[in-house]
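We use all heavy atoms of the structure for the numbers below, so side chains are in, but hydrogens, waters and symmetry mates are not. Lettering follows sequence order; numbering is per chain, from 1.
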Amino acid sequence: MRIVTWNINSVRLRADLVERVAQWLHPDVICLQETKSPDEFFPREAFERFGYTHLAISGMKGYNGVAIASRYPLTAVRNLNFVGREDCRHIQATVQGIEVHNLYVPAGGDIPDPDENKKFAHKLAFLDEIAASFTGIGRSRRPMVLVGDLNVAPLPNDVWSHKQMLKVVSHTPIEVEKLGAVQASAKWVDAVRHFVPPETQLYSWWSYRANDWEASDRGRRLDHIWVTPKLVPSLSEYTILREARGWEQASDHVPVMVEIR
DNA sequence: ATGGTAGTTTCACTA
């Protein structure tokens with residue numbers, strides 16, 4: 001099974017780019033974040049045309065929104081809400097016996113201080129609640145995959161400059177610590193770092209604000225695929241589709257793919 | 001320290 005995660009930054013604007021992702025990566029399951037569309041306006045026809053006839057979607061007007069599109073049937077579809085908000089940041093479904101969780105963690109604003117910045121406080125609380133929701137359920141359950149825009153780049157080589165990013169939201173020690181607690185909650189294994197050693201820089205997001213994203217290459221790895229331990233021996237391939245950042249009308253995030261044999 | 005771009009909810013908000 002090939003599973004892709006992609007922050008698409010408006011599914012209505014970029015539905016056609018899903019076909020290009022399908023042609024490059026041949027995924028069986030595509031998990032999207034920031035769809036920015038109420039469910040009744042989700043471009044179902046486009047996904048069906050590309051072969052993704054099974055959809056689990058949770059969207060709202062203008063903000064957030066997550067979706068799982070699959071070539072195989074989706075069962076046990078469920079949304080979870082965190083920090084008391086119904087803001088379409090989680091959807092889960094079971095596909096081919098694997099429980100897939102798709103998450104869009106709050107970005108957290110600009111100031112990395114929960115007292116000064118409510119968005120940062122929300123992000124930290126959100127991470128705490130995800131960790132709590134998975135604690136203790138890793139074992140004795142069906143295999144699980146967690147994907148999404150987690151809005152944290154945990155390793156020093158998940159950002160273009162560890163030193164310059166330590167006080168920038170997405171790479172602060174408190175966020176890295178809390179993401180680490182999420183990862184420990186179900187013994188999640190970072191499936192991309194399973195293939196790529198921590199000495200190698202890896203990014204999945206480049207700001208729209210750079211003059212030349214490719215030349216400056218000030219990226220961050222915000223988009224992740226994690227698997228439960230029993231799936232690790234089955235990990236067979238990964239791709240971070242850097243090319244997609246250069247497409248016309250690109251998202252600022254690129255698709256990340258892992259294959260599980 | 002500043003401002004840069006993109007998307008949708010638009011002369012404002014989120015990222």
Side-chain angles (χ1 to χ4, degrees), chain A residues 5-18 20-21 31-43 46 57-67 81-90 102-114 116-127 130 147-154 158-161 163-172 175 178-179 203-224 241-256:
Chain A
T5 181
W6 187 27
N7 179 321
I8 194 171
N9 188 18
S10 174
V11 72
R12 283 181 278 180
L13 195 66
R14 300 195 169 83
D16 290 346
L17 290 185
V18 172
R20 212 174 317 177
V21 171
C31 296
L32 301 172
Q33 305 85 35
E34 283 206 86
T35 54
K36 297 186 176 177
S37 174
D39 294 348
E40 58 268 35
F41 302 133
F42 192 96
I57 60 181
S58 175
M60 59 191 280
K61 198 160 96 175
Y63 302 101
N64 311 334
V66 285
N81 291 313
F82 299 101
V83 202
R85 302 186 194 190
E86 294 184 12
D87 54 358
C88 303
R89 293 179 179 277
H90 169 274
N102 179 14
L103 276 161
Y104 175 49
V105 172
D110 289 332
I111 303 164
D113 179 342
E116 274 185 62
N117 171 10
K118 283 180 179 172
K119 291 180 190 174
F120 195 68
H122 177 226
K123 182 178 194 174
L124 298 182
F126 192 99
L127 290 168
I130 304 171
V147 309
D149 177 2
L150 304 185
N151 264 316
V152 180
D158 289 341
V159 294
W160 65 278
S161 167
K163 193 179 170 187
Q164 284 174 265
M165 289 289 297
L166 277 168
K167 291 180 178 175
V168 176
V169 171
S170 73
H171 194 62
T172 64
E175 292 168 87
K178 288 187 181 294
L179 190 75
Y203 314 136
S204 65
W205 172 91
W206 293 260
S207 172
Y208 281 128
R209 296 176 190 175
N211 291 114
D212 184 336
W213 71 273
E214 196 165 23
S216 61
D217 200 19
R218 295 185 170 190
R220 307 177 197 174
R221 189 171 71 109
L222 304 177
D223 303 277
H224 300 274
L241 197 62
R242 185 183 166 104
E243 293 90 339
R245 186 62 181 80
W247 292 348
E248 196 173 335
Q249 200 162 46
S251 169
D252 46 354
H253 296 253
V254 299
V256 178

Which whole number of Å gives the distance between the [atom1] atom of [N] and that of [M]?
N	M	atom1	answer
B:dT10	B:dT5	P	22 Å
B:dA1	B:dA12	P	27 Å
B:dG7	B:dG3	P	23 Å

In terms of the nearest nucleotide of DNA chain B, which residue is placed more toward the 5' end: A:Asp252 or A:Lys36? A:Lys36

Residue whose nearest DNA chain B nucleotide is more 5′ - A:Asp149 or A:Tyr63: A:Tyr63

How many Å lie between [atom1] on [X] and [atom2] on [N], as a whole number?
X	N	atom1	atom2	value
A:His253	B:dA15	NE2	P	11 Å
A:Lys118	B:dC13	NZ	P	14 Å
A:Phe41	B:dT8	CZ	P	13 Å
A:Ile111	B:dA15	CD1	P	14 Å
A:Leu13	B:dT5	CG	P	18 Å
A:Glu214	B:dT5	CD	P	19 Å
A:Trp205	B:dT14	CH2	P	17 Å
A:Arg218	B:dG3	CZ	P	17 Å

OP1 or OP2 of [N] under 4.0 Å from side-chain N/O of [X]:
X	N	result
A:Ser10	B:dT8	yes
A:Lys119	B:dT14	yes
A:Arg14	B:dG7	yes

Test item: [X] side-chain N/O and [Y] main-chain N/O as donor-acceptor pair under 3.5 Å:
X	Y	result
A:Asn102	A:Leu32	yes
A:Arg14	A:Gln249	yes
A:His224	A:Arg221	yes
A:Lys36	A:Tyr63	no
A:Asp252	A:Ser207	no

Describe the nucleic acid contact of A:Arg89 in one word from base, sugar-phosphate, nothing, applying a heavy-atom distance below 4.0 Å. sugar-phosphate

4.5 Å side-chain heavy-atom contact, A:Asp217 and A:Trp160: no

Short heteroatom pairs, N/O only, protein and nucleotides 10-12 of chain B, under 3.5 Å:
none

For a salt bridge (charged side-chain N to carboxylate O under 4.0 Å, His left out) check, start with the C-alpha distance between A:Arg218 and A:Asp212, then their side-chain angles and the critical distance, and finish with the verdict. CA-CA 10 Å; A:Arg218 295 185 170 190; A:Asp212 184 336; over 6 Å; no

